[in-house]
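Take a look at the structure set out below.
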Amino acid sequence: MTRGIRIDPAIVRGESSPVKAVRQAHLAFAEAVAAMSSLDPMTVELVRRRCARTHDCRVCQSIRYDSALQAGVDESALAKVDHYEDSDFEERTKVALRITDAIIRRPGEMSEGLIAHARMHFSDEELIELCLHIAKNSTQKIGVALGTDMNTHPADERGLTFVSSSSSVSKATYAARPASTTAN
Amino acid sequence: MNGKTTIPIPPQVMALRPVQASRLRDLAHAAASRTDGVLAELVRLRIATLLGHPRAGIRSPHVDAEDLPDGKIDALPRYPTSELFDERERDCLAFAEQFVMDVANMTDEDAAAVSRHFDDSEFYAFVASVYIADYGQRLEMASAQLLSDPTP
């Protein structure tokens, strides 16, 4: 399987693009979702990681948010997401990741057990935020399909980029940091 | 003909997170304004079937039978061989299936089969409209199961 660039990136990002309105609407949706605050940052980040791994979005897998790092989501936690059922994540986190998998794979086939556990561990507001985060993270699929999901930001020797803000896509700053200064 | 938004925003999202619901609707409108409405409806209907959406097979009120006959909707499961579908529609439906089921394994050839029918801006808008058809319906199905309907 190959994934080259399948569209002129300027069409997606350019100021004079005829589809600028689509791009702006995409970013506005992403920013509105990122600005929500009922769901805790750790759950948000682990769900983002699950979406990125499932969709194989390259840039999403290489981004690290300061807010998530401050919430304790280090490289060790991120590595557990692939095999979360066998991990030491608390049950609430596992339920969030099971809901993520259900929405990504078979959204019509959530088991009664999963629905009961979802309502046990999350409020209605947290559940709707979880669904919206999964939808927002899955805009990754657009970039993957177009082959524009490469990381063009400054990155460290591991290919990781650190983002100073998770609440505003347009105001975020992207930087590489030496591995020795980051959580691992 | 460019399309109108055919994705209903789930009432649970409208009630609990109206700003985010509005932004999602804006994205749907923006993508629909740059995409052929009949093609977008064919894609939405096909995705509904793949996802097991409870209203799969039911046309959107935004696309009438003159533009999209019932017989063509009935033939949608047989689109690869049915003479009711042209090459562009077949390529776009195959692309949408790959996008929905396993975007990570979409190949350059899969994408090229569709992009040859569009210029780059049309291709981007089409892919955004496929995302809306995909996640609009996933969001609707998930919120209906996880949350009660807030409308009386």
Side-chain angles (χ1 to χ4, degrees), chain A residues 1-4 6-8 10-12 17-19 21-26 28-33 35-36 38 53-57 99 102-110 114-115 118-119 122 124-125 127-132 134-136 138-148, chain B residues 10 12-13 15-17 19-31 33-34 51-54 95 98-112 114-115 119-125 127-131 134-143 145-148 150:
Chain A
M1 200 275 291
T2 59
R3 193 186 309 159
R6 300 159 182 168
I7 190 174
D8 177 0
I11 289 294
V12 179
S17 168
V19 283
V22 181
R23 174 69 175 169
Q24 287 180 329
H26 174 173
F29 172 59
E31 290 200 5
V33 172
M36 300 186 304
S38 291
R53 294 288 290 169
T54 304
H55 300 140
D56 192 27
C57 178
I99 293 169
I103 293 177
I104 288 176
R105 292 172 181 156
R106 302 297 298 174
E109 297 178 6
M110 287 189 193
L114 177 56
I115 293 168
R119 291 173 178 169
F122 296 94
D124 281 2
E125 294 217 335
L127 282 174
I128 209 69
E129 288 199 0
L130 177 59
C131 291
L132 282 164
I134 295 164
K136 171 246 184 184
S138 296
T139 59
Q140 300 162 350
K141 293 175 79 171
I142 299 173
V144 172
L146 296 172
T148 55
Chain B
Q12 296 87 352
V13 180
L16 294 171
R17 289 293 178 272
V19 172
Q20 288 72 22
S22 175
R23 296 295 175 272
L24 184 58
R25 181 182 288 129
D26 291 345
L27 175 55
H29 279 305
S33 70
R34 302 284 308 183
L51 296 179
H53 192 285
F95 176 94
Q98 185 68 42
F99 184 97
V100 167
M101 303 309 290
D102 188 9
V103 73
N105 283 307
M106 181 179 285
T107 66
D108 289 346
E109 290 72 27
D110 294 332
V114 168
S115 63
D119 66 28
D120 274 5
S121 63
E122 291 168 338
F123 184 37
Y124 173 60
V127 175
S129 74
V130 174
Y131 163 79
D134 183 12
Y135 264 84
Q137 295 185 104
R138 288 183 194 267
L139 193 57
E140 192 182 9
M141 295 168 74
S143 43
Q145 292 172 92
L146 292 169
L147 298 158
S148 56

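Naming: A, B, ... by sequence-line order, numbering from 1 per chain.
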* Asked: Is B:Leu146 close to A:Met110 at the side-chain level, that is, under 4.5 Å between some pair of heavy atoms?
  -> yes
* **A:Cys131 side chain near B:Arg17 side chain, heavy-atom distance below 4.5 Å** => no
* **chain B contacts, top residue of A:Ala135, A:Gly108, A:Pro107 (heavy-atom pairs, under 4.5 Å)** => A:Pro107
* Does any heavy atom of chain B fall under 4.5 Å from the side chain of A:Leu130, the backbone, both, or neither of them? -> neither
* Trace of the side chain to side chain contact (heavy atoms under 4.5 Å, CB included) decision for A:Asp56 with B:Asn105 -> CA-CA 9 Å; A:Asp56 192 27; B:Asn105 283 307; over 6 Å; no
* To do: Taking B:Asp120 for its side chain and A:Ile11 for its backbone only, find out whether a donor-acceptor pair lies under 3.5 Å.
  => no
* Top contributor to chain B contacts, counting heavy-atom pairs under 4.5 Å, from A:Met36, A:Gln24, A:Gln140, A:Glu109 -> A:Met36
* Asked: Are any non-hydrogen side-chain atoms of A:Leu146 and B:Phe123 less than 4.5 angstrom apart?
  -> yes
* Structure fact -> Honestly, the part of A:Thr148 sitting under 4.5 Å from a heavy atom of chain B is neither
* To do: Determine, stepwise, if the pair B:Tyr131 / A:His26 fulfils side chain to side chain contact (heavy atoms under 4.5 Å, CB included).
  => CA-CA 11 Å; B:Tyr131 163 79; A:His26 174 173; over 6 Å; no
* Could you tell me which portion of A:Arg105 (side chain, backbone, both or neither) has an atom closer than 4.5 angstrom to a non-hydrogen atom of chain B? => backbone
* Asked: Under a 4.5 Å heavy-atom cut-off, does chain B meet the side chain of A:Ser138, its backbone, both or neither?
  -> both
